[in-house]
Protein chains: 2
Amino acid sequence: MGTGTRRATIADVAREAGVSTSTASVVFSGKVNVADATRKKVVAAAAALGYTGPDPRAASLRTGRSGIVGVVLGGDLRHAFLDPVTTVMMDGLTDALASISTGILLLRDDPRDDEPPAIADAPVDAVVLIGCSTRAREVLEVVRQRGLPVVVIEGDAGDDVPQVTLDNREASATIARHVRELGHRRAATITLALDPVRERAPLTAEREAAATVSITLDRLAGFREAFPDGTGITAAGSLVDEGYLAARTLLAETDGTLRADRPTAIVAQSDLLAVGAIRAAEELGLRVPDDLTVVGFDGIAADGLGSLELTTMAQPALQKGRAAGEQVVRMLEGEPGESVHFACEFRAGETAAPPAH
Amino acid sequence: MGTGTRRATIADVAREAGVSTSTASVVFSGKVNVADATRKKVVAAAAALGYTGPDPRAASLRTGRSGIVGVVLGGDLRHAFLDPVTTVMMDGLTDALASISTGILLLRDDPRDDEPPAIADAPVDAVVLIGCSTRAREVLEVVRQRGLPVVVIEGDAGDDVPQVTLDNREASATIARHVRELGHRRAATITLALDPVRERAPLTAEREAAATVSITLDRLAGFREAFPDGTGITAAGSLVDEGYLAARTLLAETDGTLRADRPTAIVAQSDLLAVGAIRAAEELGLRVPDDLTVVGFDGIAADGLGSLELTTMAQPALQKGRAAGEQVVRMLEGEPGESVHFACEFRAGETAAPPAH
DNA sequence: TTGTATGCGTTATCAA
DNA sequence: TTGATAACGCATACAA
């Protein structure tokens, strides 16, 4: 397959067509009017030489644009993909970016390796940071140095960076209060990870003090507004299995007998965690919501519940992604980016009820 | 932030450091030994000028490599993200590519728009096609013209393209036969989409004849080996909701009464479809597997089943992704790519049983 | 409407 | 170990 011979360039095409390179270039970019006869000559020459269009590398060096937007995801890609919230956000993002971008470059922001962030040498026009952790700062620094527009979705960034945020604390407080008003006094929470290490363990003052993930801390603070001394467990990630394991620990001894001091309500920081908690409860013979109230957070279509509707706070994930994309577009057009704040909405389901006596 | 002044280039750094540009370049690429004193001068100059390293666009024009691998996903990205099999494959892919690639460029292969495929002007070193449809041919053509290495995962490609394939027909036949051997005679199938239009509708001879998605057809052919005249419905996608709706149509009239001629077994072409079918059955008062057998395909961790284990064919999705990545690496090293074939494995669960009388 | 000339920022080759 | 030079392939300002 033509390995010997070098690829045709636009100069070759121009020569073959008997026009100048600029004319040939213009035929492909379509930005200037070209006489029909000329265009045909060029197209024919291109076809004859097997020229498929400008080399994107050269074009992007020249124009300064690659048409690529980098998305830096916290942690491994595998985690990111498993989380339906991220998935939906990406969806909104690609949507908003469709008009200006050829594609989305997925970059991992792995806290484990010590190389400079991959974003340092990726040919992107702009960057979106999603739920990044400790390394977010480092990434931001690199991005700023490179002078790239950047938008942060739910991460810690300075005030000078456009961000898409959620009322995590308020929303958590709302649903926790709802649980309290139902009459619950012994509530426990299952939180997302406190730090990039992602360890499943009981919540302690020390661990909390060392925490770095602000989503987790904000939601926890909201929970504490209603249950100042509620106990809790941090999950290793937003997974059904994690919710299951955490809830088992909260509800039962290791031998499977129910704990006497078990909570009457579990406030989970994600719907997936809540689904796992419900599954654990059912396995232990506790019915939801009669014997145990379980509420979630996110409002994704929770797949594991049969016909049971989860009581939760619904967050506008699609809109968050779209808003980030829109800001990127704005900034690429030279306007300043703006932060956008979203609020969650309480969604009554069937998994919360007054405690049994 | 310094909007007025142009970015520093390596030439600026070199001048500032009092060395030649080639020396400065070498300091950053690290490919050749440089005297320690020289290196320090260059690094200091870079720091002083705020130079963060070579411009990836220029570097990639010069070297001919961008460090980016393009992944073309069939249909919309949103569909792709929602499908756990794709997700897991991507995971394996990124894994295998980690050593040579900065990131993965997600490209959509939307059958709706008539522009040339986005891959035509993306600065990628290689391409992986995942589950693409009609447009796959077109994409392949573009990719070949550009002379890029390409690997296809479960799509239709010529024999000269390295592919990662699955024994779809055999695997489907295996599980369908299992159902038949349990004693079922009236089985229906819920298939994946037949064509890019993705319409939910009963399976008819005409629709089948016009179908273009080979995975669907292969799995259907396997089903037919055991149930030559089994009926079926095509789903609009691999979604729980689709399985739910399809199963409802198979099992009940529109008013919710059970159909007299309903199947005693449903063979779904994906686990998500199977989960939906189970949910529909339960809502209609049919117990699984006592009143209805439901089997799936994929062997993903099905989240919607409580403690019920789905009877299914498990496919090695992670390995498929990884294999594709490994072939890309090989080809980028100049070796020829090879096709890799994987087999599914029957996984007995608790959703299949002999029919009731 | 077309052509000329220039530079985008880098790296590879070669010679010193 | 360092430096001079020449591409890489293209798009644009400007002139014709």
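A note on names: the letters A, B, ... follow the listed sequences, proteins ahead of strands, and every chain is numbered from 1. Heavy-atom basis, side chains included; hydrogens, waters and symmetry copies ignored.
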Sole candidate of Val69(A), Val71(A), Ile119(A) that passes side-chain contact (heavy atoms from CB on, under 4.5 Å) when paired with Val124(A): Ile119(A)
Close approaches to DNA chain D from residues 35-43 of chain B, in residue order (heavy atom, under 4.0 Å): Ala35(B), Thr38(B)
Results of ring pair (Phe, Tyr, Trp, His ring centres under 6.0 Å) for Phe342(B) - residues two or more places apart only: none
Distance, nearest 0.5 Å, that separates CG of Leu49(A) from CZ of Arg7(A): 11.0 Å
N-O pairing of Asp55(A) and Arg62(A) below 4.0 Å: no
Pairwise distance CG(Asp83(B)) to CG(Leu73(B)) - rounded to 0.5 angstrom: 10.0 Å
Terminal axes of the helix from dT1(C)-dA16(D) to dA16(C)-dT1(D) (five pairs each): angle between them, nearest 10 degrees: 30°
Spacing between Asp121(B) atom CG and dC10(D) atom C1', to the nearest angstrom: 13 Å
Flag side-chain contact, heavy atom, 4.5 Å: Arg57(A) against Ser60(B): yes
Straight-line distance of Arg15(A) CZ to Ile10(A) CD1, nearest 0.5 Å: 12.0 Å
Contact interval (first through last nucleotide) of DNA chain C with protein chain B, 4.0 Å heavy-atom: dG9(C) to dA12(C)
For atom CZ of Arg15(A) and atom P of dC10(D), their distance in whole Å: 12 Å
Between P of dT2(D) and CG of Asn33(B), the distance in whole Å: 9 Å
Atom of Ala96(B), atom of Val329(B) and distance for their closest heavy-atom approach: O-CG2, 3.8 Å
Leu166(A) and Glu154(A), any side-chain heavy atoms less than 4.5 Å apart: yes
Inter-residue atom distance Leu107(A).CG - Thr94(B).OG1, 0.5 Å rounding: 11.5 Å
Salt bridge present between Asp160(B) and Arg144(B) (N-O < 4.0 angstrom): yes
Residue list, side-chain contact (heavy atoms from CB on, under 4.5 Å) with Val19(B), at least two apart or on another chain: Ala14(B), Ala17(B), Thr23(B), Ala24(B), Thr38(B), Lys41(B), Val42(B)
Minimum side-chain heavy-atom gap Asp91(A)-Leu318(A) below 4.5 Å: yes
Base versus backbone protein contacts along nucleotides 11-16 of chain D [heavy-atom cut-off under 4.0 Å; B, S, -]: BB----
